[in-house]
Amino acid sequence: MSAVIVVHGGARAVPDELAKASVDGVKVAARDGFAVLKRGGSALDAVEAAVRTMEDNSVFNAGHGAVLNADGEVELDAIIMDGRTLSSGAVSSVENIANPVSLARAVMEKTDHVILTSRGANQFAESIGVSTVPTDSLVTEFERKEWEKCKTFVTGVKEEINTQWAHDTVGAVAVDCVGNVACATSTGGIRNKMAGRVGDAPIIGCGGFADNFSGAVSCTGHGESILKVTLARLILFHVEQGKSVAESSQLALQYMVDRVHGAGGCIVVSPSGQWTATFTTKRMAWAAVDRDGLWYGLEPNERFNEQLTV
Ligand code: ASP
């Protein structure tokens with residue numbers, strides 16, 4: 001079968017000045033992830049590679065470019081999950097790690113646990129030799145200015161549909177050429193969140209889920225809403241009922257709007273290579289590579305195609 005990767009750069013009202021950089025960034029990440037699949041790499045390796053590319057790109061709110069919490073600090077969350085075994089690893093509230101997705105993978109592969117948080121996650125990183133960076137180096141000048149403008153408001157997490165508040169989580173889902181699926185999600189959360197707030201991203205079944213029996217999902221959007229409806233698992237529940245990945249995503253996202261007034265987006269891939277990128281926010285930068293080349297979009301119902309030149 002042919003391999004597929006889909007990535008997103010966060011569901012929100014992406015401002016016009018960041019639109020091109022966001023679309024360019026997801027296209028590069030999709031290519032990087034697909035390059036792994038093309039040389040026979042696993043879906044797990046591909047989603048990690050794609051998410052690392054976006055963590056390293058400061059246009060996105062993950063790794064470099066993360067937003068600041070109400071105390072002006074960085075707190076990063078990430079998850080990775082392997083659809084073969086349901087193995088999963090996650091970290092929350094880590095500070096000085098440039099690629100939290102790889103630390104999440106180490107939690108999955110080198111500990112008996114699923115989630116490590118803050119100090120313990122940092123201690124674990126140190127114990128296995130994951131290099132740390134000065135937390136300040138993850139924060140852009142743009143973010144410092146935006147945070148200064150926003151910090152007098154109530155916490156950013158109160159936002160709901162069509163918000164302008166910053167939250168540009170990144171994520172990837174993939175199916176490899178032997179039919180294994182995987183997902184990964186990484187974020188700085190929502191600007192001006194309370195210190196210690198954990199969003200949906202590192203929570204299994206909320207910010208992501210991967211199961212070879214149904215598919216892989218990475219979610220983005222208003223974390224408290226995603227947590228309430230366990231969005232990733234809800235999407236796969238609909239897939240298990242026989243619905244397409246596109247219809248399942250629409251049903252679950254609409255349920256989140258109707259039930260808790262929360263907006264968001266998701267990317268989904270099935271073990272047979274069906275895929276979708278769906279959102280209820282104003283915009284979401286996404287890109288995918290399948291046997292027909294590179295696909296991408298930003299506005300609702302936008303779907304451009306380019307030949308893949310590697
Ligand atoms: N879901 C993330 C959070 O609430 C934010 C986002 O997707 O942009 O932490």
Side-chain angles (χ1 to χ4, degrees), residues 6-15 18 21-23 25-26 29-30 33 47-48 50-69 74-81 90-94 97-101 103-104 138 140 143 146 156-157 159 163-173 183-193 197-209 216-227 231-232 235 249 253 256 262-268 277-287 298:
V6 192
V7 309
H8 71 75
R12 67 163 177 142
V14 179
L18 294 182
S22 301
V23 173
V26 291
V47 294
E48 183 186 3
V51 166
R52 283 180 68 101
T53 295
M54 292 183 282
E55 287 175 336
D56 292 345
N57 181 342
S58 62
V59 79
F60 300 116
N61 167 22
H64 286 273
V67 296
L68 296 170
N69 69 13
V74 169
E75 289 183 315
L76 306 169
D77 298 338
I79 191 170
I80 192 163
M81 186 162 180
V91 290
S92 74
S93 304
V94 293
I97 304 288
N99 295 109
V101 71
L103 185 58
L138 299 175
T140 61
E143 175 56 21
E146 290 299 302
V157 182
E159 66 187 323
T163 175
Q164 294 288 338
W165 287 85
H167 53 83
D168 259 339
T169 292
V170 304
V173 295
C183 72
T185 307
S186 180
T187 189
I190 292 182
R191 180 179 299 132
N192 216 24
K193 63 187 179 181
R197 176 262 190 185
V198 178
D200 60 294
I203 306 299
I204 190 166
C206 297
F209 202 79
V217 182
S218 169
C219 295
T220 167
H222 185 237
E224 282 62 20
S225 300
I226 294 173
L227 283 160
L231 185 61
I235 292 166
S249 304
L253 285 168
M256 192 165 93
C266 62
I267 48 175
V268 189
T278 310
F279 50 99
T280 51
T281 47
K282 198 168 164 213
R283 289 173 160 171
M284 180 177 85
W286 63 270
L298 177 72

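Predicted model only: the values in this text are computed from it and were never measured.
Between L253 and L231 there is a side-chain heavy-atom pair separated by less than 4.5 Å. The shortest distance between side-chain heavy atoms of E224 and R197 falls below 4.5 Å. The side-chain heavy atoms of T185 and V170, taken from C-beta on, include no pair separated by under 4.5 Å. Contact of the V26 side chain with the F60 side chain is registered, since non-hydrogen atoms from C-beta on lie closer than 4.5 Å. For the pair V7/M54, a side-chain contact is recorded, criterion being any heavy-atom separation below 4.5 Å from C-beta on.
Atoms OG1 and CZ, from T281 and R12 in turn, are 10.0 Å apart once rounded to the nearest 0.5 Å. Taken from CG in L227 to CD1 in I203, the straight-line distance is 6.5 Å, to the nearest 0.5 Å. Here the CZ-CD distance, from R191 to E143, works out to 4.0 Å after rounding to the nearest 0.5 Å.
In terms of heavy atoms, A78 sits closest to A104 at O-CB, 4.0 Å. For the pair S186 and A62, the tightest heavy-atom approach, listed with the atom from each and the gap, is O-CB, 3.5 Å. What you find for A184 and V101 is that their closest heavy atoms are CB-CG2, 3.8 Å. The nearest pair of heavy atoms linking V173 to S218 is CG1-N, 3.5 Å. In this structure, S22 and V14 approach most closely via the heavy-atom pair OG-CG1, 3.8 Å. Nearest approach of I235 to C266, heavy atoms of both residues: CD1-SG, 3.6 Å.
The backbone N or O of E75 sits less than 3.5 Å from a side-chain atom of K193, completing a donor-acceptor pair. Here the side chain of T220 pairs a donor or acceptor atom with the backbone of A11 at under 3.5 angstrom. At distances below 3.5 Å, not a single donor-acceptor pair connects side-chain atoms of T278 with backbone N or O atoms of S249. Judged by distance alone, with hydrogens and angles left aside, the side-chain atoms of D77 form a donor-acceptor pair with the main-chain N or O of S93 at under 3.5 Å.
Inspection of the T187 and T169 side chains reveals an N or O donor paired with an N or O acceptor under 3.5 Å.
A side chain to side chain donor-acceptor pair (under 3.5 Å) with N99 is found for one member of E55, E48, H64 and no other, namely E55.
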- prompt: Yes or no on side-chain contact (heavy atoms from CB on, under 4.5 Å) for L68 and V74, after CA distance, side-chain angles and deciding distance?
  reply: CA-CA 5 Å; L68 296 170; V74 169; 3.8 Å; yes
